[in-house]
Amino acid sequence: MIRVMVADDQAVVRAGIAAIVAAEPDLSVVGQAADGAAAVDLATSLRPDVALMDIRMPGMNGLDATTKITAAVPATRVIVLTTFHLDEYVFAALRAGAAGFLLKDTDPDRVIDSIRVVAGGEALLDPAVTRRLLDHFAAGPGPVDAGRLSVLTARERQVLLRVARGLTNAEAAADLRISPATVKDHVAAVLAKLGVRDRVQATIVAYETGLVRPGDSGGRAIAPPP
C-alpha cells in the first residue's frame, strides 16, 4: 500500500484529489493539509511515501514545505501539483527536492500513475515542464560550474549524459554496452557525488554545467570516453 498525503489550501480541490487517490486499491490517503506548515507537521509525524503538494498556500508555501519535508523526511517523495507553471516555480520546486512536477489539469489517471512511479524511486516531469526546462537552459548564459563534474569518473559522466537525455537504465546500458546493474550502480554513485536526490536533479546539474545542451544530438560529453 502506497501512503499518500495531500496538501492544498482549497478544501474542495483537496477533497477531490484525496477521493481520486483513495479510490485506488494500492493507494491510501493518510493525511490532508491546508497549508505548508501543516504539511510539514503531517509529513514528519506520518512519514507518507508520497506527498502531493500545492505551491500557493497561506503562510508557508508549498516550495518551502517541500524543502523542509525532503530534508526532514528523505523517504517522502514530493510531487508538486499546481495550476501555476511559471519557470520560477518549476525550478524552485525541483531545487527544493521535488521528485515530480505536474499541472492540475493533468488527467487523473496520469496523477495516479505518477504517484506509483515516484513511490518506486523514480522521478518525473510533466512534458510541458520538460520543454520549459530545456528552453530555459537553451536561452541561458552557459555553464554555471563545469568544475562541479570533476568528482565524476569519465564513465559516470557518460551515464549522467544519458540520464539527462531521458534514457532508462536499460537503454543507457545498451548504448554503453554494459549491464543495467552496472548503470544502476553508476547512477547511484553520480547522485551521491553530486549531492542530489534523484535523476531530475541530476539532469538539472547536467544542463547547468554544460555537460549536455538543448538541441545537441545526444548531448556532448565534457570528458572523452575511457
Side-chain angles (χ1 to χ4, degrees), residues 1-9 14 17-18 21 27-82 84-103 111 114-126 129 133 136 144-145 148-149 151-152 156 160 163-164 184 187-209:
M1 185 67 71
I2 299 173
R3 303 169 68 252
V4 181
M5 181 186 79
V6 180
D8 195 296
D9 65 324
R14 187 172 66 247
I17 294 173
V21 173
L27 307 180
S28 67
V29 177
V30 296
Q32 299 184 42
D35 58 64
V40 173
D41 290 342
L42 277 178
T44 303
S45 61
L46 300 176
R47 297 184 174 270
D49 300 305
V50 177
L52 294 178
M53 183 74 64
D54 188 22
I55 287 182
R56 287 193 172 181
M57 294 185 289
M60 183 186 297
N61 63 42
L63 299 180
D64 291 339
T66 295
T67 299
K68 291 180 178 296
I69 290 171
T70 55
V73 195
T76 295
R77 310 277 285 170
V78 179
I79 298 176
V80 171
L81 186 63
T82 180
F84 301 97
H85 53 84
L86 298 177
D87 288 345
E88 59 264 32
Y89 290 133
V90 175
F91 306 130
L94 296 177
R95 291 192 174 94
F101 193 107
L102 295 174
L103 302 181
V111 175
S114 299
I115 292 173
R116 295 182 178 122
V117 168
V118 166
E122 297 294 330
L124 60 91
L125 290 175
D126 185 280
V129 174
L133 187 66
H136 170 80
V144 175
D145 182 12
R148 186 177 180 186
L149 299 182
V151 297
L152 303 182
E156 288 166 353
L160 175 57
V163 167
K184 183 178 180 180
V187 170
V190 167
L191 299 184
K193 289 183 178 181
L194 295 179
V196 297
R197 284 172 55 90
D198 51 43
R199 298 167 79 99
V200 170
Q201 291 194 317
T203 296
I204 291 176
V205 172
Y207 279 97
E208 285 184 333
T209 58

Let me confirm one number: the [atom1]-[atom2] distance from [X] to [Y], rounded to the nearest 0.5 Å.
{"X": "Phe101", "Y": "Thr66", "atom1": "CZ", "atom2": "OG1", "result": "10.0 Å"}
{"X": "Met60", "Y": "Asp41", "atom1": "CE", "atom2": "CG", "result": "8.0 Å"}
{"X": "Met5", "Y": "Ile69", "atom1": "CE", "atom2": "CD1", "result": "4.5 Å"}

Please give me the minimum heavy-atom distance between [X] and [Y], naming the atom from each residue.
{"X": "Ala18", "Y": "Gln32", "answer": "CB-NE2, 3.7 Å"}
{"X": "Ala43", "Y": "Val73", "answer": "O-CG2, 3.7 Å"}
{"X": "Ala206", "Y": "Ala164", "answer": "CB-CB, 3.6 Å"}
{"X": "Leu191", "Y": "Ala202", "answer": "CD2-CB, 3.9 Å"}
{"X": "Met1", "Y": "Ser28", "answer": "CG-OG, 3.6 Å"}
{"X": "Val30", "Y": "Pro48", "answer": "CG2-CB, 4.0 Å"}

Is the shortest side-chain heavy-atom distance between [X] and [Y] below 4.5 Å?
{"X": "Leu160", "Y": "Leu194", "result": "yes"}
{"X": "Leu149", "Y": "Val205", "result": "yes"}
{"X": "Val78", "Y": "Val118", "result": "no"}
{"X": "Leu63", "Y": "Thr67", "result": "no"}
{"X": "Val163", "Y": "Thr203", "result": "yes"}

* Greater than 12 external heavy atoms within 6.0 Å of Lys193's NZ -> yes

Distance-only, no hydrogens or angles: does the [X] side chain make a donor-acceptor pair with backbone N or O of [Y] under 3.5 Å?
{"X": "Arg14", "Y": "Asp8", "value": "yes"}
{"X": "Arg3", "Y": "Leu46", "value": "yes"}
{"X": "Asn61", "Y": "Arg56", "value": "no"}

* For Ile115 and Leu52, run side-chain contact (heavy atoms from CB on, under 4.5 Å): C-alpha distance rounded to whole Å, both residues' side-chain angles, the deciding distance at 0.1 Å, then the answer. => CA-CA 9 Å; Ile115 292 173; Leu52 294 178; 4.0 Å; yes

